[in-house]
2 protein chains.
Amino acid sequence: MATGRSHRPATRSRGIPEATVARLPLYLRALTALSERSVPTVSSEELAAAAGVNSAKLRKDFSYLGSYGTRGVGYDVEYLVYQISRELGLTQDWPVVIVGIGNLGAALANYGGFASRGFRVAALLDADASLAGRLVAGLPVRHIDELEAIVADNQVSIGVIATPAGAAQEVTDRLVNAGVTSILNFAPTVLSVPDGVDVRKVDLSIELQILAFHEQRKAGEGRQEPDGDVPAVMPA
Amino acid sequence: MATGRSHRPATRSRGIPEATVARLPLYLRALTALSERSVPTVSSEELAAAAGVNSAKLRKDFSYLGSYGTRGVGYDVEYLVYQISRELGLTQDWPVVIVGIGNLGAALANYGGFASRGFRVAALLDADASLAGRLVAGLPVRHIDELEAIVADNQVSIGVIATPAGAAQEVTDRLVNAGVTSILNFAPTVLSVPDGVDVRKVDLSIELQILAFHEQRKAGEGRQEPDGDVPAVMPA
DNA sequence: CCATCTTTGTGCACGCGTTCACAAAGACAT
DNA sequence: ATGTCTTTGTGAACGCGTGCACAAAGATGG
């Protein structure tokens with residue numbers, strides 16, 4: 001089994017650390033909000049508070065992009081919006097297909113955060129033929145068998161998987177075969193992909209489990225734990 | 001403005017590193033799949049492949065929980081499922097409320113990964129009164145004004161926010177006031193919470209933007225980039 | 001033109017996370 | 001019982017990310 005690498009082991013793409021790249025969308029959102037309020041400039045301290053990060057970290061992040069600030073003044077909001085957008089590749093059009101139009105797929109199709117950032121939903125696909133033709137977010141749902149043609153015709157390079165876990169790998173294989181090189185996976189499965197294909201995973205229940213861990217710790221803070229205790233079930 | 005800390009700066013809760021905690025749900029899922037296939041034992045190598053991680057990392061992760069493996073054999077699947085579940089606090093019942101029953105909220109309510117891991121949806125809440133009473137995933141949608149009573153009556157400690165960004169902070173304040181101490185936030189906003197309250201964020205569009213960044217890098221690999229060039233728009 | 005004040009950009013140190021590589025431990029065969 | 005073989009558990013090294021703290025840079029006022 002060719003187990004594809006899901007996420008690069010901290011590849012520093014063109015000198016920009018992965019951790020910084022992951023924060024750029026955060027800054028971009030905060031800056032967009034400032035821009036809509038016609039705020040001309042912003043200091044690292046203010047912007048950091050708005051984005052929920054440390055100001056030193058923010059300044060270091062920006063320093064990887066270049067020296068876009070003015071000492072004593074701060075950063076020009078519009079200019080920075082442009083620079084970050086360009087760096088993230090959001091100044092160009094990214095056609096995406098969403099596969100699996102259940103509740104989650106519909107939520108994604110309706111999500112305003114996509115269209116406003118250069119992402120264009122090229123098509124909604126589902127294996128359920130009875131869904132075909134129904135309008136979701138103004139787009140007709142199309143049958144999964146049209147996948148290859150749609151990807152080719154629209155030069156789609158990004159696919160979003162919102163199918164049940166069982167279908168995710170097959171959909172992935174078809175997407176990759178058709179030419180998709182980036183996949184956002186909402187299905188709770190580990191996907192195998194060839195080298196050169198990026199996969200990012202969003203798992204709804206994992207986050208909840210992490211919260212439960214910390215919540216348990218809070219609750220059991222005063223209480224005496226049996227801790228190293230042996231459970232009822234013993235190993236073979 | 002009291003800007004609440006969103007995520008602890010790598011607090012090592014009870015000796016278990018945060019990074020390890022974040023991977024435990026991954027292992028748990030892989031182990032559950034093995035358990036369903038009645039596989040009795042599994043080696044770190046096999047399990048690591050199934051979970052999509054490095055085997056050395058997996059062994060080190062498990063070593064924080066204790067010595068649950070048998071050298072020369074591997075790990076007992078059932079035993080490990082139990083240990084990880086207990087560590088994550090999934091052996092107990094966690095009532096959660098979901099606020100904002102749009103497409104995303106409905107998707108979350110229907111998501112099977114919750115119920116199967118100790119999470120019980122105590123209530124679905126929405127500000128839209130016309131939704132009240134409608135059944136989603138077998139549960140009636142209730143009005144947001146019932147929030148405080150529901151949280152108190154069911155001893156809810158975990159809240160899930162799937163509202164539009166504009167409503168997220170107000171909902172958060174009400175949840176926290178009512179006694180919720182862990183929040184999973186799907187709204188694209190930075191939430192302010194008092195100390196002692198955990199917030200985890202899932203942002204649908206951020207992941208897509210990170211993919212776009214890498215995709216752009218792939219596309220522009222051979223091409224000559226102007227790179228440090230000055231854009232048409234100049235800063236003030 | 002000079003002094004002062006604000007805010008950036010970054011050198012440096014520290015700590016966490018990852019990975020390697022191997023000794024210890026146990027299973028299993030003879 | 002003894003040796004071999006498999007696989008765990010972990011010591012140690014390394015690299016990345018974070019945050020402090022400050023010098024450099026520029027704005028602003030006199």
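No hydrogens, no waters, no symmetry mates; every other heavy atom, side chains included, goes into these values. A note on names: the letters A, B, ... follow the listed sequences, proteins ahead of strands, and every chain is numbered from 1.
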Could you give the CD-to-C1' distance, from A:Glu46 to C:dT8, as a whole number of Å? 14 Å
Nearest whole angstrom, please: distance from the C1' of D:dT18 to the CZ of A:Arg59. 13 Å
In whole Å, what is the span from the CZ atom of A:Arg71 to the C1' atom of D:dA25? 5 Å
Any B:Tyr75 side-chain N or O less than 4.0 Å from OP1/OP2 of D:dG9: yes
Out of curiosity, B:Leu211 CG to B:Ile206 CD1, how far, rounded to the nearest 0.5 Å? 12.5 Å
On DNA chain C, compare the nucleotides closest to B:Lys60 and A:Ser43; which residue's is nearer the 5' end? A:Ser43
Proximity to the side chain of B:Asn54 - top-ranked nucleotide from C:dG9, C:dG17, C:dT19: C:dT19
Verify whether the ring centers belonging to B:Tyr111 and B:Phe114 lie closer than 6.0 Å. yes
DNA chain D: A:Gly72 or A:Thr20, which has the more 5' nearest nucleotide? A:Thr20
CG of B:Asp61 versus P of D:dT8: gap in Å, rounded? 14 Å
Tell me whether the side-chain N/O atoms of B:Ser44 come closer than 4.0 Å to OP1 or OP2 in D:dT7. no
Within this structure, what is the CD-to-P distance between B:Glu18 and C:dG17, rounded to whole angstrom? 8 Å
Under 3.5 Å, is there a donor-acceptor pair linking the side chains of B:Thr91 and B:Arg86? no
Rounding to a whole Å, what distance do you find between A:Phe62:CZ and C:dG9:P? 9 Å
Between A:Tyr68 and A:Tyr75, is the gap from one ring center to the other below 6.0 Å? no
Nucleotide C:dA27, atom P - distance to CG of B:Asp76 in whole Å: 13 Å
Just by distance, with hydrogens left out, do B:Thr32 and B:Glu36 show a side-chain donor and acceptor under 3.5 Å apart? no
Out of D:dA27, C:dG17, C:dA27, whichever nucleotide has its closest atom nearest the side chain of A:Thr70: D:dA27
note: A:Leu65, atom CG; C:dG9, atom C1'; distance rounded to Å ~ 13 Å
